[in-house]
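One structure is given here, and the rest of the page talks about it.
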Amino acid sequence: MTEHELAKAYQPADFEGAIYERWLVADVFAPDGQGSRADATRPPFVIIQPPPNITGALHLGHALTSTVEDLMIRHARMSGRPSLWLPGLDHASIAAQYVLDRIIAADGQTREELGRERYLERMWEFINTTREVMLGQQRRIGASLDWGRLRFTMDDVSSRAVRTAFARLYRDGLAYRTEALINWCPGCRTSVSDLEVIPTEETGSLWTLRYHLLDASGTPSPDSWISVATTRPETILGDTAVAVHPDDARYTAFVGRTVRIPFVERDVPIIADEAVDPAFGTGAVKITPAHDKTDYETGRWHNLPMLTVLADDATINDLGAGYIGMDRYAARKAIVQDLAARGDLETEQPHEMLIGRCQRSSDVIEPRLKTQWFIRTAPLAAAALEATRSGKTKIVPARFEKVWEHWMTSIHDWNVSRQLWWGHRIPAWYCPDGHVTVSELEGGPAGCAECDRSLAELVQDPDIFDTWFSSGLWPFSTLGWPDETDDLDRFYPGTVMETGYDIIFFWVARMMMMGIHLMGDVPFTTVYLHGLVKDPYGKRMSKTKGNVVDPLEAIAESGADALRFALVHGTSPGNDQKFRSERLDDGRNFANKLWNATRFVLGARPATIRVDASRQSPDASQLGPAERWIRSRAAGAVESVDRAMADLQFAEVTRTLYDAIWSEFCDWGLEFAKVRLTDESLAPETRAATWWTLVEALDTYLRLLHPVMPFVTEELWAALPHAADDPSLLIVADWPSMADREPQVEADVDTVIQLIGALRNARAEAGVEAGEWLAVRVVVPDGLAPAFSLLAPSVGRLARARPLVQLGSPDELSRSAEAGLTVVVGDLQAQIELSADEDSADRERVRLEKDLAEAENFLAAAQARLGSDAFVQRAPAAVVAGARSRAAELEETVARLRDRLRR
RNA sequence: GGGCGGUUAGCUCAGUUGGUUAGAGCACAUGCUUGACAUGCAUGAGGCCACUGGUUCGAGUCCAGUACCGCCCACCA
């Protein structure tokens, strides 16, 4: 880039796209790409990203994921580690079907009308249109993914991995097929896992109704009954018992007797079971083993018949007597009416309860019996627990380890069968004799595993896998598993798995369990969980609420760098953030600041340095205190950022850099430098050294900031002079290191900065015109004198002090100005000459008294602390020493101020 | 019913093993077309760090409890 181009104002839209193209062309994203300068002997840094769902657009959560992962991978890349961040997409079976169903519904079509084959063709067409949109959005935010490795959970390699994984689990006794109670979504027409059932608070009804006891003759007695409470009267049709608590005296005589279930006219026993809560309802509960989780357990324990009364579409099936074919809620209404008509409905009262709804369609989930495949999770979870307990895998932030522990210790077997079409078909075949054959072969097994029937006689399971089954294999299926590939050898286990805490069970847990079992090792050594991006009121963003922020719009408005900065700055790991547009402004303004600072530095190049000069280190012998301060502070920033990066404290990274670049480098470094760069009395090599100091600091800051704000830093870095061994792009430049800190120089310059601040403050409070130049006399302690002399021209300019006179002793000061403004910074004193009138003298007195009171308060506190024997004896020596020097400094200030006020 | 998180300036949030005077951005007030930047500069005002107790020489930070807000898990029909 030329100076001419940089002369323009900061406009991210002008260059962000072009910068991404340059990275692509340079092939720097792959761990061994041509542009990579990675040291192949170092352990690779591998990030596992949650592959976004192929449907729908990316939202701010994706943007956050991409940002955090990208900043980690960029840091690793610059640090010289071979770095792998593999892009991918998830086929998202149920979510994708839900979306496609709605699209085809708009054309008046249904899944059933299309049929499996045409529906799947339609799905492929659909995802071919969404795929590029999704990937384009990731690029727009700057994600430096290794695009050559793009993977999809439905591609051939993934399919083979799924079949192989399942076959392994089956052979290891960890996959089994059985009839069990599952969560049925009548809307999606499939079973869903426990995690996909969302408990929703709702006000329903609690009905109390009567089941009549059979008398000696075996007919229901009109006068004796047992009352039971239910929220789902339609399940009466499937009742096979009534249960009471064994210790419930009210019902002791009832146990063992028989009641008749109305409508279906079924006679069922009254049983005793500990699971019944005597305090709830009537203390007697109807048992519907096929449609309720608790009842199912009770039914199994007591060997009760399990009668399924609901069809797939949640209508009453042919066991439903007079209600056959009715929708579940129509049947409920009718049954309540009919009970009332019979005089068997005692009460109906409103009831607060939790209803399980489908995460996808929001339909009320019905528990029901189905024959399906399950993964035996107990042994897998035990191994996953061992991995986190031993520290082999670390969870950040650590508090999620408790959540992890709890879930892993109370985990149920995982129902993986889905009655959907879009996904991986379960590779299980059934023979007419009831034998089961599981095969990882693409074309299926040769024949039945247990008898001599051929493949042609077998029927494959029509179901597909839960979409998370294939996602769970992601860390190794993407590296070529089950083949023993070089990639697996090199990049497994991954380094950091990064995602939102909301999918810790869905995805992280499954990857851990599958990885450990199938690979024999954890899939990643660190789990980094970020929080959720909420709207400004703390609500979850959702399309239905209409409160979503489109990342692309934010980028168009403020630039990708601003969005990235906004998503990271001021946040902390695992904590949610409220997102408002003001945060984007912060990021954009910061980028703008950096842009203009660079513009200034380039424009301030001394004439003795050629425009195309290659990068030089500043000549150490020519450096003044300001230059040494700039270098030391930059070195300090490197230290801080390194520490924060190592701790995965990314907000600390942005905070450090924001302060260092804005409040130190720009506010003071550049301001000091302006004076030296234009001081014709200085030797050309001195001015050159100042300029090279600025270039060095800027170069360092651009490198440090690059992982967070890659576009603007890349653009600006291109405009700086470069060393011969610099690569052509910042993205693969070396992570910076800086020479040692200089604490004494930092302290000296900081004191001078404080003095300038105090002078400005005094002027402002005295109502001095901002542009007015006033004479200032200073008394500088001996230790500071050499540095101060060199900085004096800058002090003069920044504090509008002219002339600025250094006095030999405080005595000169006191005599020389009666009505001036006095400023005291420790043992540094200054006096601003100001023509006196009575008002201003009073104002000055008030100001000094205020300063004095403040100093006295602090001094009193410090002395009180030092006066305590307990403190002096028990506190660490360094703390006591610090308090002493602090008190001494305050004493000095107080004495000076008192002295001044006496006059 | 269990568990976790939050509570710090008007708003949004930092505050890393307890240690000088608790910080930032935005908003606010006042003044600035100072030759990088008004997406800016300078100065300022604004906090019983939710509450109660404890440990300690010393607590925003550690412990116990309370209150409110949010989230996760859970088979009261």
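A, B, ... follow the sequence lines: proteins, then strands. Residue 1 opens every chain. In what follows, every heavy atom counts, from backbone to side chain, and hydrogens, waters and symmetry copies are set aside.
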K593(A) side chain near C41(B) phosphate (N/O to OP1/OP2, under 4.0 Å):
yes

What I want to check is whether the side chains of E348(A) and W207(A) have a donor and an acceptor closer together than 3.5 Å.
yes

Contact class for Y658(A) (heavy atom, under 4.0 Å): base, sugar-phosphate, or nothing?
sugar-phosphate

For the pair made of CZ in R763(A) and C1' in G44(B), what is the distance, rounded to whole Å?
16 Å

Please, what dot-bracket string fits RNA chain B when only Watson-Crick and G-U pairs with both distances under 3.5 Å count, crossing ones use [ ] and pairs to another strand use |?
(((((((..((((.....[...)))).(((((.......))))).....(((((..]....))))))))))))....

Would you indicate, yes or no, if C4(B) has its OP1 or OP2 atom less than 4.0 angstrom from a side-chain nitrogen or oxygen of K402(A)?
yes

If you look at every strand shown and take non-hydrogen atoms under 4.0 Å, does R588(A) touch a base, only sugar-phosphate, or nothing?
base

Under 4.0 Å, counting only non-hydrogen atoms across every strand here, what does E671(A) touch: a base, just sugar-phosphate, or nothing?
base

Contacts under 3.5 Å, N or O only, protein and nucleotides 73-77 of chain B:
| from | atom 1 | to | atom 2 | distance (Å) |
| --- | --- | --- | --- | --- |
| C75(B) | O2' | T294(A) | OG1 | 2.6 |
| C75(B) | O2 | T294(A) | OG1 | 3.0 |
| C76(B) | O2 | D277(A) | OD2 | 3.1 |
| A77(B) | O2' | A229(A) | O | 3.3 |
| A77(B) | N6 | D277(A) | O | 2.7 |
| A77(B) | N6 | F280(A) | O | 3.1 |
| A77(B) | N1 | D277(A) | N | 3.2 |

Any base atoms under 4.0 Å from A597(A), or only sugar-phosphate, or nothing? Heavy atoms, all strands.
base

Could you give the distance separating G35(B) and A45(B) at their C1' atoms, to the nearest angstrom?
33 Å

If you measure from the P atom in U34(B) to the same atom in G40(B), how many Å do you get, rounded?
15 Å

Do the side chains of D851(A) and V824(A) get nearer than 4.5 Å, heavy atoms only?
no

To the nearest Å, give me how far apart CH2 (W668(A)) and P (C41(B)) are.
12 Å

Out of F665(A), Y701(A), F590(A), which residue meets the ring-ring contact (aromatic ring centres under 6.0 Å, His included) rule with Y658(A)?
F590(A)

The ring pair (Phe, Tyr, Trp, His ring centres under 6.0 Å) partners of F579(A) (sequence neighbours excluded) come to none

Using the P atom as the reference point in each nucleotide, state the distance between A27(B) and A42(B) in Å, no decimals.
15 Å

Between A64(B) and G25(B) - P atom distance, rounded Å:
36 Å

From CH2 of W507(A) across to P of C72(B) the rounded distance in Å is 20 Å

Between E772(A) and R800(A), does at least one N-O distance fall below 4.0 Å, as a salt bridge requires?
no

Which nucleotide sits closest to the side chain of K850(A): U43(B), A36(B), A45(B)?
A45(B)

One should read off an interatomic distance between L648(A) CG and S572(A) OG, to the nearest 0.5 angstrom, of 13.0 Å

Give the B/S/- string for nucleotides 7-18 of chain B, one per nucleotide from 5' to 3', where a protein heavy atom under 4.0 Å of the base yields B, of only the sugar-phosphate yields S, and otherwise -.
-----SSS----

How many angstroms lie between atom OG of S663(A) and atom CH2 of W668(A), to the nearest 0.5 angstrom?
10.5 Å

As an exercise, state the distance from CD1 of I753(A) to CD of E664(A), rounded to the nearest 0.5 Å.
8.0 Å

Under 4.0 Å between any heavy atoms, over every strand shown, what does I287(A) touch: base, sugar-phosphate, or nothing? Just pick one.
nothing

Using a cut-off of strictly less than 4.0 Å, decide whether N589(A) has a side-chain nitrogen or oxygen near OP1 or OP2 of C37(B).
no

Between P of G6(B) and NZ of K534(A), the distance in whole Å:
14 Å

Do the side chains of E202(A) and R357(A) get close enough for a salt bridge, i.e. N-O under 4.0 angstrom?
yes

Return the minimal non-hydrogen interatomic distance between P289(A) and L181(A), and the atom names on each side.
O-CD1, 3.9 Å

Salt bridge (charged side-chain N to carboxylate O under 4.0 Å, His left out) contacts in which one or both residues fall within residues 554-577 of chain A, not counting sequence neighbours
D70(A)-R564(A), K534(A)-D576(A)

Atom OH of Y10(A) to atom P of G40(B): distance rounded to whole Å?
13 Å

Measure OH/Y537(A) against P/G70(B) and give the value in whole Å, please.
16 Å

Which whole number of Å gives the distance between the P atom of C69(B) and that of C32(B)?
49 Å

Determine, for nucleotides 27-35 of chain B in 5'-to-3' order, which nucleotides have protein heavy atoms under 4.0 Å from the base (write B), from only the sugar-phosphate (write S), or from neither (write -).
----S---B

Please report the distance separating the C1' of U17(B) from the corresponding atom of C13(B), rounded so that it comes out in whole Å.
23 Å

Which heavy atom in H245(A) sits nearest to a heavy atom in P278(A), and how many Å separate them?
CB-CG, 3.7 Å

Taking NZ, NE, NH1 and NH2 as the nitrogens, is one of them in R884(A) or E891(A) under 4.0 Å from a carboxylate oxygen of the other?
no

Both E582(A) and A870(A) contact RNA chain B. Which one's nearest nucleotide lies toward the 5' end?
E582(A)

Could you tell me if T203(A) and E352(A) have a donor-acceptor pair between their side chains, going purely by distance under 3.5 Å?
yes

Nearest-neighbour nucleotide for the V879(A) side chain, G19(B), A36(B), U43(B) considered:
G19(B)

Under 4.0 Å, heavy atoms only, any strand: does W773(A) hit a base, just the sugar-phosphate, or nothing?
nothing

R399(A) side chain, from C-beta outward: closest of G70(B), G5(B), A42(B)
G5(B)

Atom-to-atom span, CD of E765(A) to P of A42(B) - whole angstrom
17 Å

Check whether F600(A) forms a cation-pi arrangement with K674(A) (NZ or CZ under 6.0 Å from the six-membered ring centre, at most 45° off the ring normal).
yes

Separation between the C1' atoms of U61(B) and G54(B), rounded to whole Å
15 Å

Go through A36(B), U20(B), U39(B) for me and flag the one nearest to the R599(A) side chain.
A36(B)

Ring centres under 6.0 angstrom apart (H302(A), Y296(A)):
no

Please give, in whole Å, the distance from C41(B) C1' to I753(A) CD1?
16 Å

Hey, what's the ring geometry for W407(A) with F505(A), parallel, tilted or perpendicular (30° and 60° as the breaks)?
parallel

Could you work out the separation of G15(B) and A74(B) based on their C1' atoms and round it to a whole Å?
36 Å

